[in-house]
Amino acid sequence: MTSKLSPCPDRAALLGELMAVRARTQALAAPLSSEDQCVQAMPDASPTKWHLAHTAWFFEAMVLGPLAPGYRPFDARYARLFNSYYEALGPRHPRPQRGLLTRPSVAEVGAYREAVDAALVRFVEQADDDTWAAAAPLLVLGLNHEQQHQELLLTDVLYLLSLNPLRPAYTAAPPAPAAPPPPLAGADRWLERPAGLVDIGHGGAGFHFDNETPRHPVWLQAHALARCLVSNAEYAAFIADGGYRQPGLWLSEGWAAVQANGWQAPLYWTLDGDTPVSEFTLHGELPWQPGEAVRHLSFFEAAAFAEWAGARLPTEFEWEAAATGASAPLLQQPTGTVWQWTRSSYDPYPGFRPPAGAVGEYNGKFMVGQIVLRGGSLATPPGHGRASYRNFFPPAARWQISGLRLAADR
Ligand SMILES: [Fe+2]
């Protein structure tokens with residue numbers, strides 16, 4: 001996938017990957033009705049139709065408009081509707097009001113996507129070499145951007161469907177879900193990590209986001225990192241022990257969030273007293289599974305659980321060093337299950353400078369008040385992540401597929 005592409009890849013290979021990603025987005029929307037695709041369930045979550053249109057607009061705004069000779073936007077008014085947060089690209093429709101965009105229709109957004117796809121094909125086939133050299137990195141960025149929105153589409157749909165008393169499933173459950181790995185106890189649970197200097201950040205060829213650089217040395221104290229993710233059963237023990245009723249376990253802001261929101265369990269659990277019964281998923285309401293990794297936690301809940309467990313959250317540097325070192329195969333489920341909250345604020349690496357122009361707004365301006373998550377979830381598109389990948393969300397966010405892996409001082 002994209003991480004294997006050089007900065008200026010073969011045209012046919014990139015076009016093939018691009019069209020495959022574009023088609024996958026359409027396929028993710030296919031199980032949803034037009035009504036499903038228009039609703040915005042909360043300010044942080046966008047309608048499916050908006051994701052579909054915004055990812056098309058990104059290619060128009062970043063590639064076709066600036067670089068395709070004579071390109072005319074599909075509809076010049078769409079820039080205002082589907083620009084997410086790029087100040088350099090003009091005024092925007094307010095984010096919390098994306099669900100009010102009953103026009104353009106789902107069908108019109110589909111036509112928009114088809115027109116952009118056709119323009120991308122023509123552009124890739126016809127661009128001169130200098131234009132191609134400028135465009136290829138932006139096309140790869142657009143491809144990775146669209147993959148990020150594929151995951152958001154799913155988490156936003158899950159939140160939307162969870163609010164419907166009919167408890168509708170996005171898709172039917174797979175016939176044989178993968179069994180979780182066996183639980184690890186005692187010393188088996190921990191990967192012992194000596195003190196030392198490690199290199200952190202993306203190095204070498206292949207796509208990466210700007211926030212993964214510059215690669216730089218970081219000193220780590222001796223510590224242990226859990227080989228396994230925290231399970232539903234372990235989190236249920238925290239609940240049963242009154243974890244949500246003990247302010248001493250919580251950061252001040254976290255305890256305030258517990259009080260303000262009435263949190264008693266992960267976002268989609270149904271409890272009978274303190275006992276978990278079921279969990280709402282993309283496959284509808286399913287029986288609660290003790291062995292699965294706990295998910296849909298805020299950073300505050302992850303930190304409180306770690307405190308209760310006599311441990312702590314890993315720093316993002318501890319996570320990355322373990323995931324890239326010789327001991328990496330000993331980590332269970334490093335990716336593909338849940339994003340893992342770290343104890344690291346989303347800050348620029350030393351020497352970080354965002355690129356010039358609108359693409360410089362992609363990551364850098366969000367580097368305050370957010371927490372880094374590492375790994376990747378069951379909704380992360382195949383091939384999208386890497387060990388240096390930095391996901392980030394505000395500490396109270398629970399609608400992403402976020403869990404945790406413990407760490408401990410040594
Ligand atoms: Fe976006």
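All residue numbers refer to positions in the sequence shown, counting from 1. Start at 1 and go down the list; that is how both ligands and their atoms are numbered.
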message = Quick check for you: within a radius under 2.8 Å, how many protein N, O or S atoms neighbour the Fe ion (ligand 1)?
response = 3
Mutual orientation of the aromatic rings belonging to F392 and F366 [parallel < 30°, tilted 30-60°, perpendicular > 60°] = parallel
message = What I want to check is whether the side chains of S327 and R193 have a donor and an acceptor closer together than 3.5 Å.
response = yes
message = Do R215 and Y349 form a cation-pi contact, if we require the NZ or CZ to be under 6.0 Å from the six-membered ring centre and within 45 degrees of the ring's axis?
response = no
query = Under a 4.0 Å N-O cut-off, is there an ion pair linking E212 with R390?
reply = no
message = Classify the ring geometry of W50 against H149: parallel below 30°, tilted from 30° to 60°, perpendicular beyond 60°.
response = tilted
ask   = Among side-chain atoms of H208 and Y389, is any donor-acceptor pair under 3.5 angstrom?
value = no
